[in-house]
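The structure under discussion appears below in the form of structure tokens.
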Amino acid sequence: MRVMLVVHGVPPAATGGTEVYVRDLALALARLRSTEVAMLTRHADPQRPEMSVRRYAIGPVRVYSINNTFQACQGFAESYENPRLLPVAAALLDEFAPDVVHVQHLTCLSTHLPREAARRGIPVALTANDYWLVCHRGQLFDLDGERCDGPFDGGCERCIPAAALASPHAYAWGRILRSLPLPGAEHAVRLAEKAVDRSRAAASTCEATAARLRHMRDSIECVSRVLLPSDTIAAVFRRFGVPADRMVRCDQGISLAPFEGQTRVPSGPLRVAFAGGLIPSKAPHVLLDALDRLPTGSIVVDLLGGGGTYHGQQDYVASLSSRLGHPAIRRLGPVPHERMAAALHDVDVLVVPSLWIENAPFIIREAFAARAPVIASNLGGMAEMVIDGVDGLLFPPGDVEALAACLRRQIDEPGLLDRLRAGIVRPTSIDVEAGALRAMYAQMVVHPTRRDPPRPTHERPRGQDLAAVVLNYRTPEQTWLAVRSLQTSFRPPDRIVVVDNASGDGSAAMLRDALPGVEIIETDHNLGFSGGCNVGIRSALSAGNGHVLLVNSDVVLAPDAIDHLLAALDADRTLGIAAPLLLSREEPGRIASAGIRYSRRTGRMRQRASGRRVAALAASPEPINAVSGCVMLIRRSVFDKAGLLDEDYFFSFEDIDFCFRAADAGFHSACVLASIAYHEGASTIGRRSSRRVYFATRNHLRLQARVGRGRRGLIGAAAVVGLNLAHVIVSPEVQMPSGLAGVARGAWHHLRGRYGPD
């Protein structure tokens, strides 16, 4: 069995309880027979490309870590549903091919992950390690340091900073200002954010919170099992709307091996530990206040944890700094997890004074493994784990006097520590939990009680089979990803044909091995884009397919893209060619093409809405003349009346020419905005290549000569040449000398009637 665990961080970079637990669980699962384990996680390295993937191993466990620094974030919604992660996550799911995906935490990742797994038929389990699905702060703890009931009844008027709800332009300007090497730039941005916070209406925050809650409810519809480590969080998730038949109460384990053989050395003063971040919700100030009420020399406090920001706020640690010099405090800072067992064996008691409703803190399990009693807030999962007077003591949350009284009892009552220590029950081993989870995974694979994600209702027209044609030229990895996006669509093609355009690099053999069941056709020489596509089109037409979908090798289709394209053709019998809205794979929120507008008079060609944000696109598109050949769904009858792609173009402009010929035959073309595809671009011929300029000039002149209106002589040709020269001069992607040479050579070959390959 292959299991993929999803979590927002991995030690040593991330050392929180959840991150350590998931790392230990992955290793425990990997120790089980016939179990392969991978971890999908996130890191933030501004020096590496955004969304790049680091691959490494922790023992037998594979780790895929996606670099997400939020550099291109355009709004609050992208903090939890990040479209840039979708193609990367989809590729990693296909690469590892898990039997089960177990989501542990999605912060800084994306809610696309469980949905993408479910769309591939992979059962999904989810552990609620905190309240992040319900509360964007994860702790149901508001800005005033008060516990809250969450967004269920229209609350959350203040917890989302208004600056987070700013426009995409404001986000962009904020990034620019922060990047400027000017003194005070960061401070100026913060002041602007505070000004926005004061002016923003509470209603906008409520709307954003409600939208997030609806989205989260939809996102876990595809989850088979929701694991809940405490009754406290189970009650919240029942209110959240998780059906009882999908909720599983679980007891999480810890790695007990580090705690074996440790010994405790008696000492004079009571030794107390606080372990965790110095943040308001963990409330170390409550312990510091209680310390002031105890006799001098009676207690020593080890602070095992570091400071830092709390949701961007730094004031709390600053307020503690003057008090951390108390002679009874030993500030040890963040303790590496491998030393935590020894650190807990050095203390008599652990204090957990949290003010937020903790779920099931791992530090309490670790204290019990070290046989250290726990004094904790009588709240949530802490009160479930600590039995007052048996293995620890409970006090009212935030009650400094009550905590001081508990500590004083430890100092003054003979034998109390020994009695509490004797009442500790050994925590569950991570290996025991791994075995139980492995059995649950097996059951999920056999009986996946999941709810399929919503999908369009369009069904395939009877007798009109769909064939997809993907052209490969020395890009087998890209081609594999394109094919996998087709195979995992809601409505996958009936046939997929990959045409290898004489790559000569082993691509065809590699794709045959990686894509069983996909038809691979090899050409004996490079036929160009149009010629290679025609090989696949002829194969589809000879097999009787009623629709042909042309797909570039550097394209990834959204799961419902094909459904929307077919629905558009069904609704309009005069529509012969339908294409999706093309988005940039580098910036998925930005449009690459919403169709093509071409002026027959001047030869000017424009990709409609190119570079604009998706949200800014009008619902009713302007008239277009053609669509991009990156993805085109074409009726069989169009080929019958207009013929195949013109192979003289070889590369570029054959798609526009084909759309014009289809129009002459009585069919129009349309961009279906509800259908989405992601395009990388320039994967075969690089952006900076002079050959790209050559083909663009030559083929542009050929197209204008065929479809242009008015004078077709030197004036029309001069306009096209001028447009291509302007591109070379203005574009930073093209080297000036080679670009100018490409324009000249392309124009010369057009005049001589020399087309086809270069």
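Quick note: residue numbers are just sequence positions, from 1.
Counting only N and O atoms by type, the side chains of T18 and H105 include no donor and acceptor under 3.5 Å apart. Checked by atom type, the side-chain pair T475/S553 shows a donor-acceptor distance below 3.5 Å. In summary, the side chains of T111 and H215 do present a donor paired with an acceptor at a separation below 3.5 Å, with no hydrogens or angles considered. Remark: the R438 side chain and the T35 side chain contain an N/O donor-acceptor pair separated by less than 3.5 Å. Remark: the H8 side chain and the T41 side chain contain no N/O donor-acceptor pair separated by less than 3.5 Å.
The salt bridge (Lys or Arg N to Asp or Glu O under 4.0 Å) contacts involving residues 85-112 comprise R55-E95, D94-R120, D94-R484, where partners must be two or more places apart or lie in separate chains. For residues 5-31, the salt bridge (Lys or Arg N to Asp or Glu O under 4.0 Å) pairs, not counting sequence neighbours, are R31-D431. Applying the salt bridge (Lys or Arg N to Asp or Glu O under 4.0 Å) test to every pair with at least one member in residues 105-114, sequence neighbours left out, gives no pairs at all.
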From CA spacing to verdict: side chain to side chain contact (heavy atoms under 4.5 Å, CB included), T488, R119 | CA-CA 7 Å; T488 56; R119 284 167 180 161; 5.8 Å; no
Run the side chain to side chain contact (heavy atoms under 4.5 Å, CB included) check on D142 and W356 step by step: do they pass?
-> CA-CA 9 Å; D142 68 19; W356 75 285; over 6 Å; no
From CA spacing to verdict: side-chain hydrogen bond (donor to acceptor under 3.5 Å, both in side chains), Q104, N129 = CA-CA 7 Å; Q104 298 281 348; N129 284 297; 3.1 Å; yes
Apply the test side chain to side chain contact (heavy atoms under 4.5 Å, CB included) to residues V53 and N67: give CA-CA distance (whole Å), side-chain angles for both, the deciding distance (0.1 Å), then the verdict.
-> CA-CA 6 Å; V53 178; N67 188 38; over 6 Å; no
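No side-chain heavy atom of P280 sits under 4.5 Å from any side-chain heavy atom of L355. Side-chain contact between T232 and Y131 is present, with at least one heavy-atom pair separated by less than 4.5 Å. Between V248 and R225 there is a side-chain heavy-atom pair separated by less than 4.5 Å. No side-chain heavy atom of S610 sits under 4.5 Å from any side-chain heavy atom of I591. Residues L303 and R330 fail the side-chain proximity criterion, which asks for heavy atoms closer than 4.5 Å. Considering only heavy atoms from C-beta on, Y64 stays 4.5 Å or farther from Y56 through its side chain.
Take H112 and apply the ring-ring contact (aromatic ring centres under 6.0 Å, His included) test, not counting sequence neighbours, and it matches no residue. Taking F274 as the reference, nothing meets the ring-ring contact (aromatic ring centres under 6.0 Å, His included) condition, with sequence neighbours excluded. Under the ring-ring contact (aromatic ring centres under 6.0 Å, His included) criterion, F259 pairs with no residue at all, not counting sequence neighbours.
More than 12 heavy atoms of other shown residues, nucleotides or ligands fall within 6.0 angstrom of atom CZ in R217.
Q139 contributes no side-chain N or O that, together with a main-chain N or O of S281, makes up a donor-acceptor pair within less than 3.5 Å. Listed for the S52 side chain is a donor-acceptor partner under 3.5 Å among the backbone atoms of P49. Using modelled atom types, no side-chain atom of N552 and backbone atom of D554 make a donor-acceptor pair closer than 3.5 Å. A donor-acceptor pair under 3.5 Å is formed between the side chain of N82 and the backbone N or O of R84.
Under a cutoff of 6.0 Å and an axis angle of 45°, R147 and F141 do not form a cation-pi pair.
Under a 4.0 Å N-O distance rule, the pair E221/R115 does not qualify as a salt bridge.
C135 SG to D130 CG: the interatomic distance, rounded to the nearest 0.5 Å, is 8.5 Å.
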